[in-house]
Amino acid sequence: MIGFILLLGGLVFFHELGHFVVAKACGVRVLTFSIGFGPRLVGFTHGDTDYRISLIPLGGYVRMYGDNLEEVIPEDQKQYTFLHKGYWQKSAIAFAGPFFNFILPIFIFFFLFLGTHQVPDTIVRTAFPQDPAGLAGMKAGDKLVDIDGTKVSSFIDVQEIVTASPDQTLQLTVERDGQRLALNVTPERVLANPKLGQNADAGRLGIMPSFRASAVSVIKDSPASAAQLPEIAMIEGYQNWEAFQKAIQQFSILMEVGNELELRFKPIGPRQQEADVNAKTVNLVKSPFEVGFNSDLVMYGLAGVERDGRFNRLQVQTKLLAQSLQKDLSSMLGFAPAEGRIQNILEKTAAEGLGLVEGDIILGLDGHTLIAANELRFRLQAETDKPHFLVWLHEREIRIGAFMMGPHPKWGLEEVKISGLSAMSFFAEAPSVDIEVGAIEALRESCNATWNLLKRMTMDLVKLFTFQQSPKAMGGVVMIYDLADKSLKAGWDVFMERMALISVSLGLINLVPVPVLDGGHLLMFFIEAVTRKKLSVETRMKATKIGFFFLLGLMALALFNDVMRLFN
């Protein structure tokens, strides 16, 4: 509730403040400045204005002298009324509310950007072998020095340049073993922000400043489980998964049955008790162990899909990958990577159709070994309308499947196609460097962030009103309440970012040319300015009633969508 009041109250205050400030600047007498509707709870009066907080916290209003169409205004008082001001002044007052909603994110982002920040350094600790950087020869441990002659001091610098350069060849200078090397790399084009199916192209190299931690998932009925290791654990003494994997495989090859290996670990997971936090030592006894392989291809959503060259190629690559992974896991004595472990499956999706369940581990996608869980999102979003091939571990058996993504009925967004699974990720936090962001740079970045947000939300709104997007995507007060509550729990930075996003949405919605909204007032003022004739009181009142019922219908639809989401 606190998050909801802070978020909605802050947005309403800033919106109404815009109307208030410009109205006062234009000489209009403001009678009431209210946060909320209905009966007055608390407030004070200063000058002509009653500043109040009202009972119903779902909006607010600024009541100006003479804004009642039926009110008779003395001739000597008309200069202080809203309706008797010129077209440009009335338009400025109406536009000021949404405009302040667009200004608020600039302030929010400015203070989020300003000051000292810890950001990842420029050392590459993970390079995906099948991505542009890996194919160009970049390796874990390489330190990025410059890109096309521009020095990079942090991974943020690298991301900014790469994101802005899809399909453009870049020359990267890296330090490796005391020597500098030049690598020519072309970032692949990906969907950086596929919200509601919107294509926001960006470049991607396939590198990360962090490494996959030595988090393991223990296979049932294996030497690892016999040693009484927990289902998910962090193995101590190994910097990353690759180092642990190499050590276990060497133990499996070199040691005879009966030899023991000591391991120290910490259980992972919300169900673990405080007593489990201390590291423990177990004896791992090498014994015969093998992971099975089911070569039957499980398919979902592929009826009528043409099996073209891509389909056949990926099918062959997937089977070869599964066989290779089977050998690797059989030599791991019951240890599998925790990276890619499924923690949630949505009903009526491809994930459920393939037979995936919580606890299964995604090992590969489209013929490539899965290194990081977020690869699923990148690779699936890159080709939402094509078949994909999956390799996963179910208990002691590797399985393969092919599927097509589709919309989820709970969301009602036909444009958004999903796989229906979410997977755990265990990447260690990247070592950081301090950067200082001054006022000028923070202002520039905040303006850019706000402008990008405004463009994105405008496209979303246009799609909604042109029926390119399902009306089921709309959300109301329940959605805002849930968003405010969750973002506040996630931290002030997240909360303020959500406030910036909703502020832009509120400003755009208020500019929709519907009477009773600010956009409707602007439309009527425009008509009057063009025709040089004021609209009659009857016309204005009819338009207001139409706009009121239209707005009421939208609110009812948004509330219905909220309720359906809760039930689903």
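Just so you know, these numbers use all the heavy atoms, side chains as well, and skip hydrogens, waters and symmetry mates. Not measured: the values here are computed from a predicted model.
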Original post:
Among all residues two or more places apart in sequence or in another chain, which pass the side-chain hydrogen bond (donor to acceptor under 3.5 Å, both in side chains) test with S153?
Top reply: none
Original post:
Of all residues at least two apart in sequence or in a different chain, which pass the side-chain hydrogen bond (donor to acceptor under 3.5 Å, both in side chains) check with T122?
Top reply: none
[atom1] ([X]) with more than 12 external heavy atoms under 6.0 Å:
{"X": "F99", "atom1": "CZ", "answer": "no"}
{"X": "F37", "atom1": "CZ", "answer": "yes"}
{"X": "F107", "atom1": "CZ", "answer": "no"}

Are the side chains of [Y] and [X] in contact, using a 4.5 Å heavy-atom criterion?
{"X": "P120", "Y": "V158", "value": "no"}
{"X": "F427", "Y": "N374", "value": "no"}
{"X": "L508", "Y": "F102", "value": "yes"}
{"X": "T126", "Y": "R212", "value": "no"}
{"X": "L421", "Y": "D360", "value": "no"}
{"X": "F13", "Y": "L104", "value": "no"}
{"X": "S419", "Y": "L376", "value": "no"}
{"X": "N344", "Y": "E358", "value": "yes"}

Closest non-hydrogen atom pair between [X] and [Y], with its separation:
{"X": "W241", "Y": "A215", "answer": "CE3-O, 3.9 Å"}
{"X": "A500", "Y": "F109", "answer": "CB-CZ, 3.9 Å"}
{"X": "A136", "Y": "V185", "answer": "CB-CG2, 3.6 Å"}
{"X": "D121", "Y": "P209", "answer": "O-CB, 4.2 Å"}
{"X": "G340", "Y": "A373", "answer": "N-CB, 4.4 Å"}
{"X": "S503", "Y": "P105", "answer": "OG-CD, 4.0 Å"}

Sub-3.5 Å donor-acceptor pair from the side chain of [X] to the main-chain atoms of [Y], do we have one?
{"X": "K85", "Y": "C26", "value": "yes"}
{"X": "S34", "Y": "G36", "value": "yes"}
{"X": "R63", "Y": "Y61", "value": "no"}
{"X": "S91", "Y": "W88", "value": "no"}

Subject >> Candidate pair F20 and Y51, rule side-chain contact (heavy atoms from CB on, under 4.5 Å), full reasoning >> reply: CA-CA 11 Å; F20 175 82; Y51 301 89; 3.3 Å; yes
**OP:** Test D518 against H19 for side-chain contact (heavy atoms from CB on, under 4.5 Å), laying out the working first.
**Re:** CA-CA 10 Å; D518 296 323; H19 293 310; 3.3 Å; yes
Original post:
salt bridge (Lys or Arg N to Asp or Glu O under 4.0 Å): which pairs involve residues 127-144, sequence neighbours left out?
Top reply: D131-R204, D131-R379, D142-R176
Subject >> Check against side-chain contact (heavy atoms from CB on, under 4.5 Å), V62 and L17 >> reply: CA-CA 8 Å; V62 169; L17 182 65; over 6 Å; no
Atom [atom1] of [X] and atom [atom2] of [Y]: how far apart are they, to the nearest 0.5 Å?
{"X": "D148", "Y": "L172", "atom1": "CG", "atom2": "CG", "value": "8.0 Å"}
{"X": "H368", "Y": "F128", "atom1": "NE2", "atom2": "CZ", "value": "12.0 Å"}
{"X": "M405", "Y": "T349", "atom1": "CE", "atom2": "OG1", "value": "11.5 Å"}
{"X": "M64", "Y": "T49", "atom1": "CE", "atom2": "OG1", "value": "11.0 Å"}
{"X": "R456", "Y": "N452", "atom1": "CZ", "atom2": "CG", "value": "9.5 Å"}
{"X": "L365", "Y": "L314", "atom1": "CG", "atom2": "CG", "value": "9.0 Å"}

Original post:
Between E339 and S425, is any side-chain donor less than 3.5 angstrom from a side-chain acceptor?
Top reply: yes
Subject >> Derivation and outcome, side-chain contact (heavy atoms from CB on, under 4.5 Å), residues E445 and V437 >> reply: CA-CA 10 Å; E445 292 299 325; V437 179; 5.8 Å; no
**OP:** On the 0 to 90° scale, with breaks at 30° and 60°, tag the W492-F495 ring pair as parallel, tilted or perpendicular.
**Re:** perpendicular
Using salt bridge (Lys or Arg N to Asp or Glu O under 4.0 Å) as the criterion, list what pairs up with [X], not counting sequence neighbours.
{"X": "E528", "result": "K90, R540"}
{"X": "D308", "result": "none"}
{"X": "K386", "result": "E383"}

**OP:** Output, in order, the C-alpha distance, side-chain angles, deciding distance and verdict of ring-ring contact (aromatic ring centres under 6.0 Å, His included) for F389 and F311.
**Re:** CA-CA 9 Å; F389 285 79; F311 186 98; 5.0 Å; yes
Original post:
Does the separation of the ring centres of F14 and F100 fall below 6.0 angstrom?
Top reply: yes
